[in-house]
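Here is the structure we will look at.
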Amino acid sequence: MYFDPSRFPSYQNKAGRKWHLFAMAKRNHNKNTKETSSVRSATKAHDKEMAQTSRKHSMFYVAIVVVFVAVCVAPLTAEIFSPGLSHYKQHTNLKMDQAFLTVINELDTEVAVSWVSQRCYQCLYQQLGVVPAVTTPGQPSSQEFTVSTQHEITLQLNSTTVSQDLCRVPFHFGEHGNYSLWVKNTNTSAVNCSIVTDADPVNSYIPILVAFLVFAGLGLMSALLRAIVGLDLVRGILFRIGGTFETERLINSELGSPGRTVTPVTDNILPPPPSPSKRLRSLDTFRGISLVIMVFVNYGGGRYWFFRHESWNGLSVADLVFPWFVFIMGTSIALSINSLLRSGSRRTSLLKKVVWRSLQLFIIGVLIINPNYCLGPLSWDNLRIPGVLQRLSWSYLVVACLDLLVARGHVDILPTNAWWSSCVDVLLYWPAWLFVVLLEVLWLCLTFLLPVPGCPSGYLGPGGIGDMGMHANCTGGAAGLVDRWLLGENHIYQTPSSQVIYDTHVPYDPEGVLGSINSILMAFLGLQAGKIIIHYRDLHSSIISRFLIWGLFLGVISAVLTKCSTDQGFIPVNKNLWSLSYVTTLACFAFVLFVLVYYSVDVKKWWSGAPFIYPGMNSILVYVGHKVFEDYFPFRWRMVNTQSHAEHLTQNLVAVSCWVLISYVLYRKKIFLKI
């Protein structure tokens with residue numbers, strides 16, 4: 001259809017142009033009933049798309065505003081409801097996770113006070129101080145100490161004149177509390193030790209409760225907003241508003257310029273329906289969950305002990321996310337290589353890309369986000385070689401190369417009635433499984449058979465004051481020895497988490513060489529999850545059942561290795577060592593969590609994955625960015641009270657929210673950083 005302005009004298013003015021364009025649209029609409037039907041169906045699709053877009057935008061912006069307001073009032077809420085606030089102001093020299101303890105001695109002998117944390121396995125007591133003996137009858141002597149409040153501790157009181165244990169008192173002190181420990185004789189000549197609370201501690205967990213309530217409220221608000229936008233009346237209003245704006249835009253456009261080909265108005269009002277995406281949203285969501293928690297933990301986690309890595313054996317929140325990230329990386333390898341092989345890519349070209357990407361990750365980890373920057377400019381004499389991205393690069397290189405060797409480009413042509421078809425996702429790739437099993441045998445042999453000078457063979461302890469101080473310089477056993485031998489003592493991590501409770505003095509790297517073998521196993525288990533998705537695509541019940549079977553199988557292995565205990569198993573769960581039980585336990589959790597996310601996001605579509613899906617689709621940018629800019633505003637600022645959990649929590653939540661917002665903006669702009 002061509003537009004001739006000479007046929008319409010009224011076209012010379014704007015009002016006439018609008019009237020004629022509207023008349024043309026109406027005439028075309030009345031002439032063709034089939035076109036009318038298609039427009040109606042397209043209108044419904046456009047109506048639904050507009051409602052979904054409006055719902056996404058509304059939920060996200062409301063969430064951002066509420067999060068920022070809520071986390072900013074968290075410190076105020078903590079101060080209002082903290083019963084020990086007045087006491088805290090009187091003792092400004094107390095730091096976080098500390099309390100005052102006054103030991104009052106009524107004995108005629110000096111008393112030595114020692115302590116040990118209940119989280120320290122078979123540890124020596126550490127001396128706290130000495131309380132003088134009574135010099136004047138009726139006037140006891142006293143001494144003030146500062147004690148830790150993170151975990152329950154046991155206080156031991158000994159006489160300095162006679163080798164005698166007077167008493168042992170287990171107690172969990174509260175943060176910024178004031179306590180008195182009375183030591184006195186009883187009528188039976190025994191020593192009585194009792195703790196009295198002189199001033200109540202502050203409730204340092206109120207900020208976490210407030211933050212939890214805020215995010216729970218956000219979830220309810222999002223669900224309510226989704227229900228409201230889904231109503232027919234609201235959708236109709238949104239469509240009419242959007243349709244009015246769209247019609248006005250089309251009328252005021254250059255569709256009527258002389259000499260131009262004009263498309264019928266009915267073909268331009270509604271956009272073409274989007275092509276359905278086959279991307280697994282649950283994968284990006286799971287990756288985003290891991291990444292958001294990782295960023296929060298790296299920024300400090302409000303300085304709460306359970307958001308820090310365990311000192312040695314055991315698990316905390318901070319110990320969960322890195323293995324999950326490695327697991328998801330393995331799943332992504334399986335899906336991407338399968339897709340590229342199906343599209344006709346050659347394995348040799350893919351191998352070059354794998355090697356180049358691994359090299360990039362390693363270089364970024366060593367030169368850009370190296371922790372030694374906190375000491376000033378990088379020095380090659382003490383440059384730390386291992387790291388998070390370095391371990392990711394190594395695991396990615398090995399697992400991707402394995403998959404390139406055994407992957408099948410077209411799995412839909414495999415027989416489904418053979419006796420081995422129910423285990424095709426394992427049996428088809430038996431060479432890769434054999435290689436991984438041999439790697440684990442190598443890890444077991446090096447860990448338990450490699451002789452370590454001055455240390456027992458197979459030692460898995462932290463050294464320091466652990467094991468009653470008998471192996472003080474044996475931190476990590478064979479893992480520490482291999483790192484010091486291959487990398488050098490100056491090129492590994494100098495302040496491991498074992499220093500916190502076990503008072504170790506030997507450098508030890510949690511991303512060392514031996515642990516990288518087990519990180520390969522973690523990535524390979526994620527690869528197995530990807531194989532399940534590939535071979536049973538669109539068979540949701542088969543995928544879920546196999547995920548749960550793998551989770552149960554790995555959980556049983558963990559129970560056997562650990563004897564369901566923290567410290568007394570054959571191979572304890574240990575993040576510093578990346579022990580075999582640590583990998584099986586976290587892989588078990590990963591399979592179960594993946595099932596929950598997969599079922600709610602990709603199967604039932606109850607959840608879009610927001611807001612975690614946005615950082616999950618830009619994971620490299622968020623991880624590198626949060627490390628590079630962590631000391632810049634708005635991710636960090638000078639705090640009024642650096643010894644306040646509430647203020648630290650506020651700062652860390654704001655920083656994480658900023659990265660979620662940045663990743664959302666990049667998602668809307670379709671900007672994704674990949675290497």
Checking the side chain of Gln494 only, and the main-chain atoms of Pro507 only, is there a donor and an acceptor separated by less than 3.5 Å? no
To the closest 0.5 Å, what do you measure between CD (Glu440) and OG1 (Thr447)? 9.0 Å
Would you say the side-chain atoms of Thr642 pair up with the backbone N or O of Met639, donor to acceptor, closer than 3.5 Å? no
Side chain proximity check, Val556 to Thr584, heavy atoms < 4.5 angstrom: no
Do Tyr299 and Arg636 come within less than 4.5 Å of each other through their side chains, counting heavy atoms only? yes
Determine whether the aromatic ring centres of residues His626 and Phe635 are separated by less than 6.0 angstrom. no
Can you confirm whether the side chains of His645 and Asp97 place a donor and an acceptor under 3.5 Å from each other? yes
So, does Tyr508 use its side chain to make a donor-acceptor pair with the main chain of Thr495 at under 3.5 Å? no
Say whether Thr109 and Ser159, considering side chains only, have a donor N or O and an acceptor N or O under 3.5 Å apart. yes
Determine whether Leu577 and Tyr582 make a side-chain contact, defined as any pair of heavy atoms from C-beta on separated by less than 4.5 Å. no
Any donor-acceptor N or O pair under 3.5 Å, side chains Tyr121, Asp467: no
Under 3.5 Å, side-chain donor or acceptor atoms of residues 482-490 against the rest of the protein: list the pairs with distances, not counting sequence neighbours.
| from | atom 1 | to | atom 2 | distance (Å) |
| --- | --- | --- | --- | --- |
| Asp483 | OD1 | Val513 | N | 2.9 |

pair Trp433-Gln528: side-chain heavy atoms closer than 4.5 Å: yes
When you compare the side chain of Ser114 with that of Leu128, does any pair of heavy atoms fall below 4.5 Å? no
Aromatic ring pairing Phe306/Tyr304, orientation class (parallel under 30°, perpendicular over 60°, tilted between): parallel
Please answer whether the main-chain N or O of Trp637 pairs with a side-chain N or O of Gln651 as donor and acceptor at a distance below 3.5 Å. yes
Determine whether a donor-acceptor pair (N or O, by modelled atom type, separation under 3.5 Å) exists between the side chain of Tyr179 and the backbone of Val103. no
Per the side-chain contact (heavy atoms from CB on, under 4.5 Å) rule, which among Val295, Val388, Asn618 passes with Tyr623? Val388
Is the number of heavy atoms from other residues, nucleotides or ligands under 6.0 Å of Asn382 CG greater than 12? yes
Would you say Trp550 has more than 12 foreign heavy atoms packed within less than 6.0 Å of its CH2? yes
Can you tell whether the side chains of Glu175 and Lys95 come within less than 4.0 Å, N to carboxylate O? no
Over-ring placement of Arg119 relative to Trp312, 6.0 Å and 45° cut-offs: no
Any luck finding a side-chain donor-acceptor pair between Gln118 and Thr154 under 3.5 Å? yes
Is a side-chain donor or acceptor of Asn652 paired with a backbone partner of Gly301 at a separation under 3.5 angstrom? yes
In terms of the angle between their ring planes, are Phe594 and Phe286 parallel, tilted or perpendicular, with boundaries placed at 30° and 60°? tilted
Answer yes if the ring centres of Phe307 and Phe296 are under 6.0 angstrom apart, and no otherwise. yes
Can you check whether Phe327 and Phe591 have ring centres sitting under 6.0 Å from each other? yes
Any heavy-atom pair between the side chains of Ser332 and Arg287 that's under 4.5 Å? yes
Does any non-hydrogen side-chain atom of Ile195 lie less than 4.5 Å from one of Val169? yes
What I want to check is whether the side chains of Ser558 and Thr585 have a donor and an acceptor closer together than 3.5 Å. yes
Does the Thr475 side chain pair with the main chain of Val506, one donor and one acceptor, at a distance under 3.5 Å? no
Parallel under 30°, tilted from 30 to 60°, perpendicular over 60°: which one fits the rings of Phe629 and Trp659? tilted
Counting only N and O atoms by type, is there a donor-acceptor contact under 3.5 Å from the side chain of Gln390 to the main-chain atoms of Pro386? yes
Determine whether a donor-acceptor pair (N or O, by modelled atom type, separation under 3.5 Å) exists between the side chain of Asn158 and the backbone of Ala112. no
Nearest-0.5 Å distance, CG of residue Asn178 to CG of residue Leu94: 8.5 Å
Verify salt bridge (charged side-chain N to carboxylate O under 4.0 Å, His left out) between Glu511 and Lys575, making sure each step is shown before the conclusion. CA-CA 9 Å; Glu511 278 79 46; Lys575 189 265 179 188; 3.3 Å; yes
Please test Asp403 against Lys531 for salt bridge (charged side-chain N to carboxylate O under 4.0 Å, His left out), starting from the C-alpha separation and ending with a verdict. CA-CA 10 Å; Asp403 196 39; Lys531 296 299 183 184; 2.6 Å; yes
Side chain to side chain donor-acceptor pair (under 3.5 Å) partner of Asp567, chosen from Asn574, Asn313, Thr562: Asn313
Main chain of Ser497, side chain of Ser311: is a donor-acceptor contact present, judged purely on distance under 3.5 Å? yes
Pair Arg384 + Asp509: basic N to acidic O under 4.0 Å: yes
Are any non-hydrogen side-chain atoms of His309 and Val500 less than 4.5 angstrom apart? no
